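As the structure lists them, so they are numbered: ligands from 1, and atoms in each ligand from 1. The shown structure was predicted, so the numbers you read here are calculated from the model rather than taken from an experiment.
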Amino acid sequence: MDAQPQHDVVVIGAGFGGLYAVHRFGELGFDVLGLEQAADVGGVWYWNRYPGARCDCESYYYSYAFDEALQQDWTWSLRYSEQPEILRYLGHVADRFDLRRRYRFSSRVTAAHFDEAASVWRLRTADGFETTARALVSAMGCLSQVNWPDIPGLRDFGGRLLHTAQWPHEPVDFTGRRVGVIGTGASAVQAIPRIAEQAAHLTVFQRTANWVLPAWNRPTDPDFDAWVKANYGEIRARCLASGGAVPFDPPEHAALDVSEAAREAAYQALWAQGGMRFFSAFTDLFTDEAANATAQAFVRAHIERTVQDPETARLLTPDDHPIGVKRPPLDDDYYATFNRPNVTLADVRSAPILDVSGQVLRTASAEHELDDLVVATGFDAITGALLALDVRGRGGVRLADRWAEGPRTYLGLGVAGFPNLFTVTGPLSPSVLANMPTAVEQHVDWMADCLEHMRAHGVATLEATEAAEAAWSAESDAVVAHTLYPKARSWYFGANIPGKPRRFGVYVGGFAAYRERCRQVAERGYEGFRLGAGPNE
Ligand code: NA7
């Protein structure tokens, strides 16, 4: 058995996380191989090409901070970038740092087994390629494993069948067509207004109404861009010091400690600014139901003012979860789109979808004949991509078995029994509740330091201890138990996938505190990890 692996590190994925990992580890002189299932770089921005696909974080901070010249040279055209521009950015990063040469594309990893005798990871791809590496870095993203709902006959739909997360590369024209959209999550909310502009008729099949906030998207103001470029150091520092890795002013007051007029004024001011800033109105929006109810009332009034038909307005208003604890979509035209004569809302909570046959989607109350069916049902989030591979650690233990009750990790970086497996924005890290480029840079930088430490000290294996993993997982559970997140059926809990264990997959204790914790763990010689000398240890 070969003790010498073919690579120091294999990185899976070529999105924000993978590209930076390949760059960073390569700069440190490690032999890195990137494996990516798509034909090119981009990750989530490679696949999600549906009309209106856009980032819900503002462009100036949804970008890499690691290279000063890169952030000075690149100018975003919109406040919230659309998918083609983010894909161009990632392509530019790949060119600029010559990253494609380190990748093997169209390589879907199907198996990753830890070989204990040799202390190496053995990897196999769908096309039969095999390799070995000392360390395995999963940068597959939290929202990449596509969720197709289990609706009888769906995959045999007789018209054009589209999934938002597997959108064709060529433009899709809806002109003159009868279109259905299943879902009202962030993807659907972005796509629906654009599809409605073209379609002869659009039917939106809604199971759960969402609280949609305005983005107020617009072209980048050149003065703002100049200000950002002159102040990038401070902006990035604010992101690092914040709870969500965003440069927002933190809230100062509890919602119920101020007068009703002051509360309205605060909501109105942040509504006018747009986006997730709305949640920085008050300190207790995620922990106090009465406080949260005041924010709900504000948005409910907006829906009632905007949507002309009272019954449609009622159906579009969530009544089963607090605002913010199920990922709120952003859009500027979503609610008004339901005033168009060519758009119908079908409530599939009261009358569920039964099946699809030919071009007909049948619900418990009606039959809908459609030319196009857009499935906007999201992802098997957070753990889905990793568990879709056959990952096996010490003793041949399958990660899927280890996580049979839901994910357990140490800091969202490592898993007990899986030496030298590192997960970028892994389960029980701040991941999707932090601004993603900032979160991946923090993780990859930590991993880079760790790999350097291992090299410098002759450490062959580094592995979370059971005790550290149990303590971190319990802490993560305890933090979320004090919030309103458990009040929603969300993909944060795995609740969107039938049969998936319900466990909150994100650390909600705040990005800055988390980052400090990771720093301390490293400073204390990788406290909570067992460091081994190798096959003969
Ligand atoms: P989401 O947010 O998971 O939304 C999926 C939507 O599809 C949601 O409205 C679901 O309703 C609906 N859905 C799922 N399965 C069904 C079935 N079987 N019948 C009817 N409706 C269904 O995915 P997105 O792609 O929009 O967004 C994912 C994230 O990407 C987003 O949050 C951002 O972070 C970026 P449900 O709420 O489960 O009742």
Side-chain angles (χ1 to χ4, degrees), residues 15-16 43-45 47-57 62 80-81 83 86 141-155 162-167 180-192 203-213 215 244 275-276 315-316 318-321 324-331 334 345-356 361-364 368 373-382 384-385 425 430-436 439 485 488-500 502 505-506:
F16 267 94
V44 74
W45 302 107
W47 299 102
N48 287 257
R49 297 167 185 246
Y50 60 84
R54 192 178 57 232
C55 185
D56 285 345
C57 288
Y62 187 82
Y80 292 93
S81 301
Q83 174 270 336
I86 305 175
C142 303
L143 295 159
S144 50
Q145 188 65 24
V146 175
N147 173 37
W148 280 93
D150 189 13
I151 297 170
L154 177 64
R155 301 301 280 266
L162 300 146
H163 195 298
T164 44
Q166 291 176 332
W167 203 260
V181 172
I182 301 177
T184 49
S187 302
V189 163
Q190 292 180 342
I192 283 166
T203 306
V204 176
F205 298 96
Q206 171 186 276
R207 189 165 67 181
T208 310
N210 261 325
W211 299 104
V212 180
L213 301 174
M276 303 297 176
L315 286 173
L316 286 170
D319 61 3
D320 68 343
H321 65 278
V325 297
K326 186 167 177 169
R327 166 65 152 75
L330 302 188
D331 196 69
Y334 180 69
L345 184 64
D347 172 19
V348 297
R349 182 163 61 171
S350 63
I353 297 173
L354 298 179
D355 56 28
V356 173
L361 183 149
R362 197 163 61 98
T363 71
H368 303 264
L373 185 51
V374 175
V375 180
T377 50
F379 305 89
D380 181 351
I382 301 172
T425 63
S431 67
V432 292
L433 292 174
N435 172 44
M436 205 38 94
Y485 283 101
R489 279 182 69 257
S490 69
W491 54 254
Y492 299 144
F493 272 102
N496 62 328
I497 304 295
K500 189 170 174 175
R502 302 287 185 265
V506 188

Determine yes or no for a side-chain-to-main-chain donor-acceptor pair under 3.5 angstrom, with W211 supplying the side chain and H321 the backbone. yes
Just by modelled atom types, is the F379 backbone N or O under 3.5 Å from a matching donor or acceptor in the N496 side chain? yes
Is there a donor-acceptor pair under 3.5 Å between the side chain of Q83 and the backbone N or O of A53? no
Do N48 and Q166 pair up side chain to side chain, a donor and an acceptor below 3.5 Å, judged on atom types alone? no
Given 3.5 Å as the limit, does a donor-acceptor pair link the side chain of T184 with the main chain of T208, or not? yes
Is it true that a side-chain atom of D347 and a backbone atom of R349 form a donor plus acceptor pair closer than 3.5 Å? yes
Taking only heavy atoms of the protein into account, state which residues are under 4.0 angstrom from an atom of ligand 1, in chain and number order. L143, P149, I182, G183, T184, G185, A186, S187, R207, T208, K326, R327, A376, T377, G378, F379, W491
